[in-house]
*Asks:* 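The structure follows.
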Amino acid sequence: MPAPLNRFKAALKEGKMQYGCWASFADPYATEMLASAEFDWLVIDGEHAPNDLQTISQQVQVLQHEHSEAVVRIPIGRDWIIKQVLDTGCQTILVPLVETGEQAAELARAMRYPPQGNRGMGGAGARATRFGAITDYVSTANDQVCLLVQVETVKGLENLDSILQVEGVDGVFIGPADLSADMGHPGDSGAPEVKEAIRDALARINASDKAAGILAVDDTVAQQYAEWGAQFLAVGIDVLMLVSRARKTIARWRERD
């Protein structure tokens, strides 16, 4: 029995648009509810949401039979945490703050078993192998893992071409918020200089053999990113969806006073 097909990775290879959403509640019940909307992919956020390995594992579990594929954003690009997250059964990892081709190559190796990489071989007791039931997991897993690297600094953009040349990187995700701050426009990803940098980056990624990704919570901006070449496009953040509706609801009732 081989490793499960990574539907998200397969869709990217086929050039299909994949719409996603951030899952930031760090709770499997909330993530399962979000999956019922049938986004193509959901980011289980380990960088800015209060997730740990156990909550990540629980959310990967609830997404196993859903339409939405799990994409885990780890807090930092280190081989030990990549190994642990892959062993939960997650097949797609998003790594923040990637700035060089060398760094991307190290991450690609950490995602894969030898001889292509250096992922630890102790998976017999892990959920990824269904606790040893997927007998061919080690020999087939390398083809199903998906590495997304997040470029979100000026240095990362300067080295984008070398990052795009790294075998084992499946997609490059542009981070508008951090990029705008690094370019001197904190909180303003709509600044002309930042927009031009994003447009150029998405076009360069789209012209390569990698998929281009980005996040936008404004529909008009998201549509523009899609036109610029984004293929895996996050169009919402669950926490913001809830709080936005809650604030609008109470504001409407306050107006009646």
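For reference, positions follow the sequence shown, starting with 1. Keep in mind that this is a model prediction, so the values were computed, not measured.
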*Asks:* Would you say CD of E196 has more than 12 non-hydrogen atoms from neighbouring residues, nucleotides or ligands within 6.0 angstrom?
*Replies:* yes
*Asks:* Before giving the answer on side chain to side chain contact (heavy atoms under 4.5 Å, CB included), spell out for R247 and V243 the whole-Å C-alpha distance, their side-chain angles and the decisive distance to 0.1 Å.
*Replies:* CA-CA 6 Å; R247 288 167 179 164; V243 75; 3.3 Å; yes
*Asks:* Under a 4.5 Å side-chain heavy-atom rule over Ile, Leu, Val, Met, Phe, Trp and Tyr, are M183 and V151 clustered together?
*Replies:*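 Per the 4.5 Å side-chain linkage, M183 and V151 are co-clustered.
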*Asks:* Under the criterion side chain to side chain contact (heavy atoms under 4.5 Å, CB included), which of D87, L86, I81 is the partner of K83?
*Replies:* D87
*Asks:* So with a 6.0 Å cut-off around CE of M33, is the heavy-atom count from everything else above 12?
*Replies:*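 Yes.
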*Asks:* Which pair of heavy atoms, one from L63 and one from A35, lies closest together, and at what distance?
*Replies:* CD2-CB, 3.6 Å
*Asks:* How long is the span from the CG atom in L215 to the CZ atom in F232, to the nearest 0.5 Å?
*Replies:* 11.0 Å
*Asks:* Report the distance from atom CG of L5 to atom CD of E69, rounding to the nearest 0.5 Å.
*Replies:*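 These two atoms lie 8.0 Å from each other.
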*Asks:* Could you tell me whether a side-chain N or O of N159 sits under 3.5 Å from a main-chain N or O of S162, the two making a donor and an acceptor?
*Replies:*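 Answer holds: no.
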*Asks:* Run the salt-bridge test on K155 and E158 with the 4.0 Å N-O cut-off and return the result as yes or no.
*Replies:* no
*Asks:* Does the side chain of N51 pick up a donor-acceptor pair with the side chain of T55 at under 3.5 Å?
*Replies:*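 The answer is yes; a qualifying pair exists.
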*Asks:* Any side-chain heavy-atom pair from L42 and V71 closer than 4.5 angstrom?
*Replies:* no
*Asks:* Would you compute the distance between atom CG of N6 and atom SG of C146 and round it to the nearest 0.5 angstrom?
*Replies:*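 If I round to the nearest 0.5 Å, the distance is 5.5 Å.
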*Asks:* Is a donor from one side chain sitting under 3.5 angstrom from an acceptor on the other, for T153 and D178?
*Replies:*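 Checked: T153/D178 side chains show no N/O donor-acceptor pair below 3.5 Å.
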*Asks:* Please report the interatomic distance NE2(H185) to CG(D182), rounded to the nearest 0.5 Å.
*Replies:*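 The distance works out to 11.0 Å.
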*Asks:* Restricting to side chain to side chain donor-acceptor pair (under 3.5 Å), what partner residues turn up for D170, sequence neighbours left out?
*Replies:*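 Here no residue qualifies.
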*Asks:* Is the shortest side-chain heavy-atom distance between T92 and L148 below 4.5 Å?
*Replies:*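 Yes - at least one pair of side-chain heavy atoms lies under 4.5 Å apart.
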*Asks:* Quick one: does S180's side chain have a donor or acceptor within less than 3.5 Å of a partner on P176's backbone?
*Replies:*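 Between the backbone of P176 and the side chain of S180 there is a qualifying donor-acceptor contact (under 3.5 Å).
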*Asks:* Under a single-linkage definition using a 4.5 Å side-chain heavy-atom cutoff for Ile, Leu, Val, Met, Phe, Trp and Tyr, are V154 and I174 assigned to the same hydrophobic cluster?
*Replies:*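 In one cluster with V154: I174, yes.
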*Asks:* If only atom types and distance count, is the side chain of S208 paired as donor or acceptor with the main-chain N or O of I205 below 3.5 Å?
*Replies:*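 Flag set: sc S208 to bb I205 pair under 3.5 Å.
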*Asks:* Verify, without hydrogens or angle tests, whether Q103 (side chain) and L97 (backbone) share a donor-acceptor contact under 3.5 angstrom.
*Replies:* yes
*Asks:* Got L179 and I198 here, is their nearest side-chain heavy-atom distance under 4.5 Å?
*Replies:* yes
*Asks:* Specify whether Y113 and Y137 have parallel, tilted or perpendicular ring planes, treating 30° as the upper limit for parallel and 60° as the lower limit for perpendicular.
*Replies:* perpendicular
*Asks:* Any side-chain heavy atom of Q18 sitting closer than 4.5 Å to one from Q231?
*Replies:*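 Heavy-atom side-chain distance check fails, nothing below 4.5 Å.
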*Asks:* Is the number of heavy atoms from other residues, nucleotides or ligands within 6.0 Å of OH (Y29) greater than 12?
*Replies:* no
*Asks:* What I want to find out is whether D209 reaches K13 closely enough, with some N-O distance under 4.0 Å, to be called a salt bridge.
*Replies:*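 Looking at D209 and K13, the cut-off is not met.
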*Asks:* If I take atom CD from residue Q224 and atom CH2 from residue W228, how far apart are they, to the nearest 0.5 angstrom?
*Replies:* 3.5 Å
*Asks:* Could you go step by step and tell me if R199 and K195 meet the side chain to side chain contact (heavy atoms under 4.5 Å, CB included) rule?
*Replies:* CA-CA 6 Å; R199 185 203 62 76; K195 287 179 65 176; over 6 Å; no
*Asks:* Between V72, I74, D45, which is the residue that forms a side chain to side chain contact (heavy atoms under 4.5 Å, CB included) with I56?
*Replies:* V72
*Asks:* Are side-chain heavy atoms of S68 and E38 found at a separation under 4.5 Å?
*Replies:* no
*Asks:* Does any non-hydrogen side-chain atom of L233 lie less than 4.5 Å from one of M17?
*Replies:* yes
*Asks:* Would you say P96 and R73 make side-chain contact, with heavy atoms under 4.5 Å?
*Replies:*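 When only atoms from C-beta onward are counted, R73 and P96 do touch, with a gap below 4.5 Å.
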*Asks:* Would one find more than 12 heavy atoms of other residues, nucleotides or ligands at under 6.0 Å from atom CD of E227?
*Replies:* yes
*Asks:* Do F25 and V60 sit in one hydrophobic cluster, given that two such residues count as connected whenever their side-chain heavy atoms are within less than 4.5 Å of each other, even indirectly?
*Replies:*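 No, separate clusters.
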*Asks:* Any link between M111 and V85 through a network of hydrophobic side chains (Ile, Leu, Val, Met, Phe, Trp, Tyr) touching at under 4.5 Å?
*Replies:*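 In one cluster: yes.
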*Asks:* Classify the ring geometry of F8 against W41: parallel below 30°, tilted from 30° to 60°, perpendicular beyond 60°.
*Replies:* tilted
*Asks:* V235 versus F39: any side-chain heavy-atom pair under 4.5 Å?
*Replies:*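 Yes, side chains in contact.
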*Asks:* Under 6.0 Å from the CG atom of D219, do we count more than 12 heavy atoms belonging to anything else shown?
*Replies:* no
*Asks:* First locate atom CG of L160, then atom CZ of R204, and finally report the distance between them rounded to the nearest 0.5 Å.
*Replies:*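 If I round to the nearest 0.5 Å, the distance is 4.5 Å.
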*Asks:* Does the structure place the NZ or CZ of R78 under 6.0 Å from the centre of the six-membered ring of W80, at an angle of no more than 45° from the ring's axis?
*Replies:*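 Relative to the ring axis of W80, which defines the angle, R78 lies outside at least one limit.
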*Asks:* Should Q144 and R7 be marked as a side chain to side chain donor-acceptor pair (under 3.5 Å) after you check the CA-CA gap, both sets of side-chain angles, and the distance that decides it?
*Replies:* CA-CA 9 Å; Q144 300 304 328; R7 296 174 300 172; over 6 Å; no
*Asks:* Mind checking what makes side chain to side chain donor-acceptor pair (under 3.5 Å) contact with Q116, not counting sequence neighbours?
*Replies:* N142
*Asks:* Is L94 reachable from Y225 through a run of I, L, V, M, F, W or Y residues, each pair having side-chain heavy atoms under 4.5 Å apart?
*Replies:*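 Cluster IDs for Y225 and L94 differ.
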*Asks:* Does the Q59 side chain pair with the main chain of A70, one donor and one acceptor, at a distance under 3.5 Å?
*Replies:*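 It does not hold such a pair.
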*Asks:* May I have all residue pairs that pass salt bridge (charged side-chain N to carboxylate O under 4.0 Å, His left out) and include part of residues 15-29, sequence neighbours excluded?
*Replies:*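 Every salt bridge (charged side-chain N to carboxylate O under 4.0 Å, His left out) pair that includes a residue of residues 15-29, provided the two are not neighbours, is E14-K16.
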